[in-house]
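Here is the structure we will look at.
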There are 2 protein chains.
Amino acid sequence: MDKLDLKKLAKELNLSPSSVSRALRDSHEVSRETKERVKALAAKWGFQPNPHASSLRQNKSKTIAVIIPEIQNNFFSQVLNGVEEIAKEKKYHVLIYLTHEDAERENEILNLLRNGRVDGIMISVSNTTIEYDHLEACRASGMPLVFFDRILEEVKVPRITSDDEEASFRATELLIKRGAKKIAFLSLSDSLSICKRRYAGYARALNKHQLTSYQKTVECDAVDSSNREKIHALLAGEERPDAIFAAVEKLAVNTYEVCKELELKIPSKLKVISFSNLSAAALFDPPLSTIIQPSYEIGKKATDVLFKLIEKKVLLPNDKRVALSSTIVERKSTSK
Amino acid sequence: MDKLDLKKLAKELNLSPSSVSRALRDSHEVSRETKERVKALAAKWGFQPNPHASSLRQNKSKTIAVIIPEIQNNFFSQVLNGVEEIAKEKKYHVLIYLTHEDAERENEILNLLRNGRVDGIMISVSNTTIEYDHLEACRASGMPLVFFDRILEEVKVPRITSDDEEASFRATELLIKRGAKKIAFLSLSDSLSICKRRYAGYARALNKHQLTSYQKTVECDAVDSSNREKIHALLAGEERPDAIFAAVEKLAVNTYEVCKELELKIPSKLKVISFSNLSAAALFDPPLSTIIQPSYEIGKKATDVLFKLIEKKVLLPNDKRVALSSTIVERKSTSK
DNA sequence: CTGTTAGCGCGTTCAA
DNA sequence: TTGAACGCGCTAACAG
């Protein structure tokens, strides 16, 4: 069983390679009969055209890249589900790259993708990304590029996010309604778009309710142990908050861990709400109130827009800047 | 800024394309000086060889495929972390495919991968996979192939798993030691390798402790709602078990949900233990005892072995059949 | 509708 | 150590 190629099929069928090629790709300029003969033999032999030859010739790879900070995160894995769904429909392949929240690695990955390996790129930037030359260069080169969730304002490409500011505002108001007066904000990075927007919503709610006398942010990072220390310091120190707004899921988990350690009761001593797509949040002790992002839809929409770019379709105004609605699910961690 | 290629570099440097090609790939048959000149310009211009041309010529893609049932699963996303780690070292790219537990889709994906798109494949089979022609054909074609976690006995390729039988035995003994007498087993599919092995460990423990008079299996699937119904029927019916062994994480979550609904107290009325790689299991109400698989290590080892296959290195006996140890973490859900 | 020709960009001959 | 020539497998352009 040697290597198959178009020529061998062509010889067997007494056709030229180009006809076989056309038939396999459903060209209109080939007879139905020929198409059927070709497809029958191709199926019988299990033949598929060599994708590299095809990519080289057509100058497209039928592949997209998804770059995310980490995979062990429900939000991103749900996004990937949406991406895969659309890619499958388009018969595209999906390459995945992890930055591990490292801007340098992110830069390297973008470099790897500069020479035609993929037809388009979707990225959620790392929390250490401040310089944006690599992304701007990518955009400028004409590579279809889309941001999702974590964006860079400076780089003018479509951005598919959720309504972070508004959802955060509502979540903070919920804490206030339940009696919180000193609400601390746990952030992943001051420079990260989602954290900025989430902070803005939090701050707006404090302003509205004249609770700005206590306005404290703890900037965390990707390392659980140091996050726990910072949260520990916050909760064991003077001027302890009576509520916590966690900008990302892992910080809520860290908060719960510290509360266990300190035997600080949630929600009586501390209310907690967090962005989270963890379905098991309802099983926590106590059940965690969450702001749930429409992750699957973000993945689908971002991929959709990416394909519009790839296919050089015109983008509608609401393709360029999409903010899908999050859902707040109140549970016991925020009750009075 | 038009397309770069070897020729343009060559012209600029007054070299032939072949010398440039050689220099970039660190061939020994090119002078150090030339190498440096070439690399300097390549770096300056941000040049990278077209991967499709290169793949076509060399007949290798520098890409591997990972096929998993679902991504929204801590085990698989941790595995991917390990895969990415090794692939990065090898300067390989990673394509990801989801079967959504559908054997037909699995078959299609394997077909997509038959003609050189990837140099190797890692797969954890779907829970509906019974026929194995597609995998056997893949193996027979010479494609490097490795199973991880969920395997098919019949297909003779390396398999990297965890010590399911032994870990399940120990977990079941733990339930027994804590007083359980009627232990039910929640399975994802009777035909799935991991479930068979986990069941075997469970059954062996029951045998050893002469508790076989109650030996009940509930076969679940990928749909949460129907799983909850089945578990509900089990827990609300006659001959309720006093403990549950969940073969996979999601079934433990479903069990907790049903217990909440039925107001059935864990662990006093029902003890629960489960395979799970969810770090937040410690925050559950009550904290869930878990059997933690070495997912990251499985990902690394499987990728490692896959690269040995790709590089045609000899496999050591303990590359062909690896069973890494799981860890049991006892928490409140199994206490007396 | 089908065949012929040429070339995508690279890496490997083989010759110098 | 370098260059010239060829071909990987496919498909676009052109011709019939």
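Quick note on labels: first sequence line is chain A, next is B, and so on, each numbered from 1.
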*Mind checking B:N14 for me? I need base, sugar-phosphate or nothing, with any heavy atom below 4.0 Å counting as a touch.*
sugar-phosphate
*Check every strand shown and say whether B:L56 touches a base, only sugar-phosphate, or nothing at a heavy-atom separation below 4.0 Å.*
base
Answer yes when [X] and [Y] have at least one side-chain N-carboxylate O distance shorter than 4.0 Å, and no when they do not.
{"X": "A:K308", "Y": "A:D319", "value": "yes"}
{"X": "B:K88", "Y": "A:E108", "value": "no"}
{"X": "A:E36", "Y": "A:K39", "value": "no"}

*A:E12 versus A:L9: any side-chain heavy-atom pair under 4.5 Å?*
no
Check [X] against [Y] and note the closest heavy-atom contact, atom names and distance.
{"X": "B:I298", "Y": "B:F148", "result": "CG2-CB, 4.0 Å"}
{"X": "B:Y97", "Y": "B:R117", "result": "OH-CD, 4.1 Å"}
{"X": "B:A87", "Y": "B:F307", "result": "CA-CE1, 4.2 Å"}

Rounding to an integer number of Å, can you tell me how far [X] [atom1] sits from [N] [atom2]?
{"X": "A:K7", "N": "C:dT4", "atom1": "NZ", "atom2": "P", "value": "13 Å"}
{"X": "B:Q48", "N": "C:dC10", "atom1": "CD", "atom2": "C1'", "value": "14 Å"}
{"X": "A:H52", "N": "D:dT11", "atom1": "NE2", "atom2": "C1'", "value": "17 Å"}
{"X": "A:L6", "N": "D:dG7", "atom1": "CG", "atom2": "C1'", "value": "15 Å"}

*Can you sort out which residues in residues 21-36 of chain B have a heavy atom within less than 4.0 Å of DNA chain D? Ascending by number, please.*
B:R22, B:E29, B:V30, B:S31, B:T34
Taking 4.0 Å as the cut-off, does a side-chain nitrogen or oxygen of [X] come that near to OP1 or OP2 on [N]?
{"X": "B:S16", "N": "D:dT2", "answer": "no"}
{"X": "B:Q58", "N": "D:dC8", "answer": "no"}
{"X": "B:S18", "N": "D:dG3", "answer": "no"}

*Could you tell me, to 10°, how much the axis swings from one end of the helix from C:dC1-D:dG16 to C:dA16-D:dT1 to the other, five pairs per end?*
30°
_My understanding is that only residues two or more places apart in sequence, or in another chain, count here; which of them pass salt bridge (charged side-chain N to carboxylate O under 4.0 Å, His left out) with A:R159?_
A:E153
*Could you give me the CA-CA distance, side-chain angles and deciding distance for A:V157 and A:L309, then say whether side chain to side chain contact (heavy atoms under 4.5 Å, CB included) is met?*
CA-CA 10 Å; A:V157 298; A:L309 250 33; 5.9 Å; no
